[in-house]
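Chain identifiers are assigned alphabetically (A, B, ...) following the order of the sequence lines, protein sequences preceding nucleic acid strands; residue numbering begins at 1 within each chain. Please read all numbers here as calculations on a predicted model, not as lab measurements. For the numbers below, each heavy atom of this structure counts, side chains included, while hydrogens, waters and symmetry mates do not.
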Amino acid sequence: MPLLKSAGLSAAAIFGGVLITATVLAQQPPHAPANEVNSDGHNDPVPPRQAWSFAGPFGKFDQAQLQRGFKIYREVCSNCHSMELVAFRNLADPGGPGFSEGQVKALAADYKVKDGPNESGEMFERPGRPSDHIPWNFPNDNAARAANGGALPPDMSVLAKARGFSRGFPWFIIDAFIQYQEKGADYIVGILNGYKDPPPPSVQLQPGQYYNEYMPGHRLAMPKPLNDGQVDYPDGTPTTVQQYSKDIAAFLSWTAEPKLEERKRTGLRVMVFLILFAGLLYYTKKKVWAEVVH
Amino acid sequence: MTGHSTYVPKSALARWFESRLPIMGLVHSSFIAYPTPKNLNYWWTFGGIASFMLAAQIVTGVVLAMHYTPEVTMAFDSVEKIMRDVNFGWLMRYAHANGASMFFVAVYIHIFRSLYYGSYKAPREVLWILGVIIFLLMMATAFMGYVLPWGQMSFWGAKVITSLFSAIPFVGDAITIWLWGGYSVDNPTLNRFYSLHYLLPFMIAGVVVLHVWALHVSGQNNPTGVEVKSVPKDTVPFTPYATVKDAFGMVCFFILFAWFVFYVPGILGDADNYIRANPLVTPAHIVPEWYFLPFYAILRAIPSKLGGVIAMFSSIAIFLFLPWLDTSRVRSARYRPVFKIFFWVFVATGIGLGYLGSQPPEGGFVIAARILTAYYFLHLLVIIPLLGLFERPRPLPASIADSVLASRASVGARVAAE
């Protein structure tokens with residue numbers, strides 16, 4: 001069966017080449033595309049591309065980074081932002097931050113969760129359980145608005161997929177093939193590092209607005225949330241805004257796409273199978289048609 | 001071309017069954033003995049690929065429907081529950097969302113193959129019209145499916161498209177309210193879209209059966225556009241020849257499909273659709289899915305709302321009349337040197353309109369969209385009819401077998417010369 005073997009080998013070589021290229025391109029921040037002119041005629045700078053452990057066909061989350069990101073969420077972001085779609089138990093799921101079940105149990109118990117009504121018809125508070133979703137600091141949207149100058153802090157569960165930016169033509173085609181799918185994470189890093197005080201003289205800010213380089217329109221209702229040294233890292237990771245922003249963006253990428261590792265792992269198997277199958281079919285087709293002048 | 005079935009039942013049970021319901025004979029004559037031109041190229045595998053994508057959409061869709069909740073306060077969360085808590089839910093959902101795109105990729109290639117090789121001409125007009133109907137049903141299905149996750153783009157896309165009906169004089173507003181089931185896009189709209197999104201694919205499947213039936217009456221066109229003259233010389237039986245070739249083409253297409261599902265599942269979607277629908281906040285740019293963009297560009301190119309709606313619908317409806325707009329008796333672009341150039345210009349126009357549909361309707365984009373829209377209609381209404389009258393086609397081969405032998409001979413001569 002030398003024919004089939006060579007078919008399999010050549011298919012594997014081609015697939016391997018494509019995967020390596022995609023991996024390299026996914027890791028390597030390419031030169032930033034030309035700034036685009038937005039609809040107001042202003043230049044909206046495109047957030048710089050970061051290197052992510054979970055990018056590319058073999059991408060995996062960095063557990064330590066997700067744990068640091070969760071710490072930032074818990075100590076900083078969760079003061080205003082909800083995380084409705086994530087349950088405590090998810091923190092111990094495979095492909096996630098990798099907390100143990102005991103840690104998750106203890107963590108959940110730190111939170112107060114509203115439950116009820118009980119037998120006497122009263123609502124009551126109890127310690128959280130792993131099956132509870134992470135509770136929010138505010139009882140409802142309006143309470144959150146009232147505490148945040150009228151602006152509603154968006155839920156963070158799928159935020160990393162709900163944000164992005166345009167890289168323009170021809171990047172929107174190229175990005176599909178170099179597997180650049182981490183725009184949301186890059187945008188979050190951009191925002192957290194994009195505050196400028198004082199703002200450029202051309203931008204007029206209303207009270208309660210903050211200038212941000214990467215926000216479309218440059219006006220943001222969220223004050224600069226992270227500053228150097230604000231959150232303790234017991235493992236010695238640098239406590240800088242740059243590091244914090246990457247850690248929280250990685251964590252939010254996981255909350256938005258908790259099955260990412262399973263997906264990419266399955267994808268590799270599917271691809272190998274399909275390419276071998278295509279190779280076999282190609283030679284079968286050649287053999288079947290060999291007698292036909294066509 | 002099908003003629004009488006040559007199926008011979010092999011067992012007594014098969015004979016007994018065949019004399020009562022000759023379904024095995026039907027399958028045999030349609031997918032085994034069916035004579036297929038031997039010179040078909042890989043562009044002809046996209047019909048089979050599109051059929052497979054329809055089946056894949058129905059299978060993944062039925063599974064998703066078991067977990068989805070069509071209610072405005074729960075729809076978004078139920079989709080996220082599929083992504084997070086349902087076993088392989090992420091796979092079903094991404095395969096369905098990207099499957100819609102892949103279905104359109106396959107169908108667009110299938111349509112342009114037909115345009116290039118003149119497959120819509122007599123005696124295949126009904127086959128072609130059925131195809132246009134399938135395309136329209138697909139557009140309706142895809143549009144309503146995109147509304148179901150109830151994100152920002154779902155809601156605002158639904159609002160923009162259903163509001164188009166309000167452009168109809170006198171009864172427009174009444175029709176829009178009737179479509180919405182209220183005074184705005186709301187829960188009744190979501191409910192009926194869900195119902196229709198489940199219904200329409202089965203209607204598509206029904207029209208696909210008619211499409212294949214019509215195909216098997218007239219037989220397939222082929223790259224020469226010359227009809228089959230002799231079944232033994234010009235054709236090969238569907239199985240194994242077309243079966244194995246289609247299978248190879250299909251698996252190659254699955255590789256592309258899998259690339260999107262497993263590696264870049266969100267890249268064809270809009271980030272705004274991961275924000276819950278909010279009737280009070282309008283997204284900065286309301287953009288439909290990529291496969292609607294050329295038509296969206298045509299809609300926005302016309303300064304009047306009613307005019308835009310008419311232009312958009314007629315840009316597709318016009319294809320129903322294409323078999324009669326094209327006056328050339330020669331089918332294949334291979335033998336139509338001038339048509340061939342205009343064909344590629346038309347392809348570029350379609351892609352150009354698609355790009356403009358994705359851009360904000362301002363300044364130069366609007367002017368470009370107007371020029372391309374004008375050219376789109378000029379191509380179909382003026383250039384195509386006139387070309388048939390003035391173009392001098394190249395001589396056609398006497399038969400498929402002749403053309404195959406001639407191209408073999410020229411390859412042979414070239415090899416000998418080197």
Side-chain angles (χ1 to χ4, degrees), chain A residues 15 18 22 38-39 56-57 59 84-87 90 93 154-155 157-166 169 172 175-181 183-184 187 216-217 256-260 262-268 270-271 273-275 277-278 280-282 284-285 287-289 292-294, chain B residues 37-41 76-77 80-81 83-85 88-91 94 151-152 236 240-241 243-255 257-276 284-285 290 355 358-360 362-363 400-401 404-405 407-408:
Chain A
F15 179 53
V18 172
N38 70 11
S39 53
E84 287 176 14
L85 300 170
V86 179
N90 294 132
D93 282 348
D155 180 71
S157 321
V158 283
L159 193 69
K161 289 202 287 192
R163 293 293 182 275
F165 47 86
S166 163
F169 179 81
F172 62 78
D175 286 347
F177 294 95
I178 62 170
Q179 301 190 5
Y180 180 22
Q181 250 221 153
K183 283 187 190 166
Y187 176 84
E257 193 71 10
K259 299 297 168 72
L260 177 140
E262 184 186 357
R263 165 161 66 75
K264 291 189 173 180
R265 214 171 40 236
T266 313
L268 187 65
V270 170
M271 281 292 186
F273 167 77
L274 283 178
I275 287 172
F277 190 27
L280 292 176
L281 279 170
Y282 175 72
T284 311
K285 185 256 164 194
K287 179 125 198 291
V288 166
W289 282 79
V292 182
V293 183
H294 63 283
Chain B
K38 60 184 182 180
N39 61 338
L40 297 186
N41 55 35
F76 188 95
D77 286 352
E80 277 302 319
K81 206 173 164 63
M83 295 293 290
R84 287 156 194 274
D85 293 336
F88 289 100
W90 59 270
L91 178 58
Y94 279 152
Q152 271 291 67
V236 287
Y241 296 98
T243 325
V244 69
K245 195 172 176 175
D246 281 356
F248 173 61
M250 224 176 256
V251 171
C252 288
F253 190 79
F254 293 167
I255 294 173
F257 184 18
W259 181 276
F260 277 91
V261 170
F262 293 104
Y263 294 138
V264 281
I267 212 147
L268 295 169
D270 198 299
D272 276 5
N273 226 30
Y274 279 104
I275 303 172
R276 289 159 202 274
H285 299 295
W290 69 267
Y355 173 68
S358 73
Q359 297 300 313
E362 305 159 333
I400 294 172
V404 168
L405 289 174
S407 70
R408 272 289 154 117

**Report entry** A/Leu280 vs B/Phe248 side-chain heavy atoms within contact, under 4.5 Å
**Finding:** no
Report task. Check whether A/Val270 gets within reach of chain B through its side chain, its backbone, both or neither, counting any heavy atom under 4.5 Å. Result -> side chain
Requested in this report: Mind checking the CZ-CD spacing from B/Arg276 to A/Glu84? Nearest 0.5 Å is all I need.
Outcome: 4.5 Å
Report summary line: Honestly, the part of B/Leu91 sitting under 4.5 Å from a heavy atom of chain A is neither
Query raised in the report: Does the side chain of A/Pro258 reach to within under 4.5 Å of the side chain of B/Met83, using non-hydrogen atoms?
Result: no
Query - Partner residues of A/Phe277 under the ring pair (Phe, Tyr, Trp, His ring centres under 6.0 Å) criterion, sequence neighbours left out - result: A/Phe273
Requested in this report: Might you point out which heavy atoms bring A/Asp175 and B/Val264 nearest each other, and give the distance in Å?
Outcome: O-CG1, 4.5 Å
Report summary line: d(B/Arg84 CZ, A/Asn90 CG) to nearest 0.5 Å is 7.0 Å
Report task. Please determine, among B/Cys252, B/Gly266, B/Gly269, the option with the most heavy-atom pairs under 4.5 Å with chain A. Result -> B/Gly266
**Report entry** Sub-4.5 Å side-chain heavy-atom contact between A/Trp289 and B/Val244
**Finding:** yes
Query raised in the report: About how many Å separate CG of B/Asp272 and NZ of A/Lys161, when rounded to the nearest 0.5 Å?
Result: 14.5 Å
**Report entry** Side-chain heavy-atom pair B/Asp246, A/Lys285 within 4.5 angstrom cut-off
**Finding:** no
Query raised in the report: What part of B/Leu405 is in contact with chain A, defined as an atom under 4.5 angstrom from a non-hydrogen atom: side chain, backbone, both or neither?
Result: side chain
Requested in this report: Using side chain to side chain contact (heavy atoms under 4.5 Å, CB included) as the criterion, list what pairs up with B/Asp85, not counting sequence neighbours.
Outcome: A/Arg89, B/Lys81
Query raised in the report: Where does B/Phe76 contact chain A at under 4.5 Å (heavy atoms): side chain, backbone, both or neither?
Result: side chain
Query raised in the report: Would a distance-only check, ignoring hydrogens and angles, find a side-chain to backbone donor-acceptor pair under 3.5 Å from B/Trp259 to A/Ala176?
Result: yes
**Report entry** Which of B/Tyr94, B/Tyr274, B/Phe254, B/Phe260 touches chain A most, by non-hydrogen pairs under 4.5 Å
**Finding:** B/Tyr274
Query raised in the report: Hey, does B/Phe88 have a side-chain heavy atom less than 4.5 Å from the side chain of A/Glu262?
Result: yes
Requested in this report: Can you measure from CH2 (B/Trp90) to CZ (A/Arg263) and round to the nearest 0.5 angstrom?
Outcome: 7.5 Å
